[in-house]
> 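Shown below is the structure under consideration.
Note that the structure is predicted; figures quoted are calculated from it, not measured. For the single chain, residues carry numbers from 1 onward in sequence order. Whatever order the structure lists them in is the order used to number ligands and atoms, beginning at 1.
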Amino acid sequence: MCGIVGYIGDRPAAGLLLEGLKRLEYRGYDSSGVALLDDRITCYKRVGRIANLAGIVPHGLTQTVGIAHTRWATHGGVSDANAHPHLSRNKKFAIVHNGIIENYIYLKNMLAKAGFAFSSQTDSEVIAHLLEKNYEESQTHDFEEAFNTTLRMLEGTYGLVAMSADHPDCLMVARKGSPLVLGIGSNEMFVASDVSAFLGHTDSVVYLDDYEIAKVTSSSFQTKDFRNEPTEKAVSKIEWQPDSLDLNGFPHYMLKEIFEQPESIERGFAGRIVETMGTTKLGGLNLTPAELFNIKRVCIIACGTSYHAGLVGAYIIEELARIPTRVEVASEYKSKNPIIEAGTLYFAVSQSGETIDTLLSMREIQRKGGKVLGICNVVGSTIPRESDGGVYVHSGPEIAVASTKAFTSQLIVLTLFAVMMARMKDMSLNTGKRLISDIKKIPECIRNILGHAAHIESIAGKLKDAKYFMFLGRGISYPVALEGALKLKEVSYILSEGIPAGEIKHGPIALIDKTTPVIFIIPKDDQFDKTLSNMQEVRSRGGIIITIHTECPADSADYDKLKSLSDYMICVPAIDPSLTPLLTIIPLQLLSYYIARDRGCDIDKPRNLAKSVTVE
Ligand code: M6R
């Protein structure tokens, strides 16, 4: 939450900072600001989108040092005053901050007694005033020393960048709980919450760790830990191409990312299939075959869409590999003093790799001696760096706040894991080969579904004014129902619920009348007939039935049954039942997108949300 960009170099900073903010806007978009430094600090801030800020920053500014921020409000409402950067009383220090300063009330009272007046309601502003106070009170007037003293007074979490009018040759940077990465250019340096901010300007990056401080000049950086000991940093190369952040002709990132799924899924399994053995290999797990063989249970921890991917993954792992698997919502898991069992393999699943609840759960498991593997998309993010091994899903940058391609990439990786484990246990070579062959067909199957987007668009047009949607599925299709409901509610603001189809008669059926769209996810599997009965029940109450079903011949009895009970039908190609979520989710993503578009919603940046949730 919140995006930070800093620049120090030989080019005018304002345009680079605004470009970086635009790329980080998905992290928060309540307000934004930029502070530029020459012999003094000039600051511009605006409520709303980066475009509003860009409208007030004059063209032709020549300062070559600056910091910028896009905000997702925590402490203090959405206002120009609460936007970052925050300046110290004498306007000689400016800071941008991502995180929460937990002792800010104490610090604010202390500073107020010392004569500092506050111009915002944020927790972050105390940092700027503390910098001034510590600097003025020190004998040496050393920016770095004042920065270190200030850090020692802060309790809470931060990704923090500060600059000083008296020391225009450096930026001071600190990380504790909120990600920061340095971009190493030639005669220029970037600091940002993630690499997308400076993609296209440099591909050399240094990921800061928690409890690390960096002093960054235009040509160098020095890092040390909070005990003042220098730290060794490796320079990594970014894989993402700068044009992967473009819309490439699509009106929204969400639609672009839905349409990217054939390729993103292919990247997820590329190089990980051993065809002749009917199995898969996941090199990053850092586990020997014997260690894998001895896994007794799996536990998957995640939030939101990644949690839903985990739920589908659990079905697949249990079904194929017969390993008991449970899935935990990270925000709950970390607060319940979890029991960590020997023989359990833990997975932290996260697109961003920064979700704080998932990260804290992972640390708690590790603290208790458990082994946690990451399944993440963003390379170099905190979860993969702190995990005991893991697998990147290689979706490429996901910009839309609503997660789509990351979900299917996470599913493919969990499926590869399930196949690998199953083949180590009692799955036959032939079954393994058949599954692998179906996995390889998925990109083409998705292309086929995307080819029928116009049909889904027309259904969306008919349903867009509904007040409430119910999503129903059984077995492996139940988490698909949950994910379909989450997608619709977050982008269209329509109340939507995912419910196990067999549960409706225990209460939810009371909600159904002739205005209620009820979406059934009903692939041809061992739940098909029971789900048909639930369709009957909904039909009898007048609900509008939309079925997502797998292909069956138009003259078959199954087709007749589906048709007689459906108002709208959306067909996906037939595939192995354990792989159907990879296909049935696609129409639901498209339906959500088109409904939100027809309702005029801000699809890529839904209200109140942020892409990367780094506060508890
Ligand atoms: O980056 P993560 O996968 O850890 O994020 C988890 C959730 O915040 C995320 O999936 C969220 O639910 C999305 N907005 C859903 O589209």
> Which protein non-hydrogen atom lies closest to atom 8 (O) of ligand 1, naming both residue and atom, and how far is it?
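Nearest protein contact, heavy atoms only, for atom 8 (O) of ligand 1 is Val613 CG2, 4.0 Å.
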> Backbone or side chain, does any N or O of Leu486 fall under 3.5 Å from an N or O of ligand 1?
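The answer is no, given that Leu486 and ligand 1 share no N or O pair closer than 3.5 Å.
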> For atom 14 (N) of ligand 1, which protein heavy atom lies nearest, and how many Å away is it?
Glu490 OE1, 2.9 Å
> Would Asp602 and Arg49 count as a salt bridge (charged side-chain N to carboxylate O under 4.0 Å, His left out) if you check the C-alpha gap in whole Å, the side-chain angles of each, and the deciding distance to 0.1 Å?
CA-CA 12 Å; Asp602 194 346; Arg49 301 297 159 87; 2.6 Å; yes
> Name the closest protein heavy atom to atom 1 (O) of ligand 1, giving the residue it belongs to and the distance to 0.1 Å.
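Closest protein heavy atom to atom 1 (O) of ligand 1: Ser352 OG, 2.7 Å.
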> What do you reckon, does Thr358 put a non-hydrogen atom under 4.0 Å from ligand 1?
no
> side-chain hydrogen bond (donor to acceptor under 3.5 Å, both in side chains) between Arg175 and Thr382: does it pass, once the steps are laid out?
CA-CA 11 Å; Arg175 171 182 170 153; Thr382 309; 2.7 Å; yes
> Check Lys256 with Asp604, please: is the shortest side-chain N to carboxylate O separation under 4.0 Å?
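So Asp604 does not pair with Lys256 through a salt bridge.
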> Which heavy atom of the protein is the closest neighbour of atom 10 (O) of ligand 1, given with residue, atom name and distance?
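The closest one turns out to be Thr305 N, 3.0 Å.
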> So which protein heavy atom does atom 2 (P) of ligand 1 come closest to, and at what separation?
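Checked against all protein heavy atoms, atom 2 (P) of ligand 1 sits closest to Thr355 OG1, 3.2 Å.
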> Would you say Ser403 and ligand 1 have an N/O pair spaced under 3.5 Å apart?
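N/O-N/O distance under 3.5 Å: yes.
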> Closer than 4.0 angstrom, basic N to acidic O: yes or no for Lys405 and Glu260?
yes
> Can you tell me which residue among Gln351, Glu490, Lys487, Gln410 is in a side chain to side chain donor-acceptor pair (under 3.5 Å) with Thr305?
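Only match with Thr305 under side chain to side chain donor-acceptor pair (under 3.5 Å): Lys487.
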> Can you sort out which atoms of ligand 1 are near Ala402, meaning under 4.0 Å from one of its heavy atoms?
16 (O)
> Which pair of heavy atoms, one from Gly76 and one from Asn82, lies closest together, and at what distance?
C-ND2, 3.4 Å
> Evaluate the ring planes of Tyr158 and His97, with Trp represented by its six-membered ring, and classify them as parallel (under 30°), tilted (30 to 60°) or perpendicular (over 60°).
tilted
> List every atom of ligand 1 that sits less than 4.0 Å from any heavy atom of Gln351, numbering the atoms from 1 in the order shown and giving each element.
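Those of ligand 1 that fall under 4.0 Å from Gln351 are 1 (O), 2 (P), 3 (O), 4 (O).
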> According to the interplanar angle, ranging from 0 to 90°, do the rings of Phe417 and Phe347 count as parallel (below 30°), tilted (30 to 60°) or perpendicular (above 60°)?
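Judged by the thresholds at 30° and 60°, the geometry between Phe417 and Phe347 is perpendicular.
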> At what distance is the nearest protein heavy atom to atom 6 (C) of ligand 1, and which residue and atom is it?
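Checked against all protein heavy atoms, atom 6 (C) of ligand 1 sits closest to Cys303 O, 3.3 Å.
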> Taking only non-hydrogen atoms of Lys487, do any sit less than 4.0 angstrom from ligand 1?
yes
> Only heavy atoms of Val401, strictly under 4.0 Å: list the atoms of ligand 1 that pass.
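Near Val401, the atoms of ligand 1 are 13 (C), 14 (N), 16 (O).
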> Looking at Asp30 and Arg71, is there a salt bridge between them, counting it only when a charged N and a carboxylate O are closer than 4.0 Å?
no
> I need the atoms of ligand 1 closer than 4.0 Å to a non-hydrogen atom of Ser306, numbered in the order shown.
2 (P), 3 (O), 10 (O)
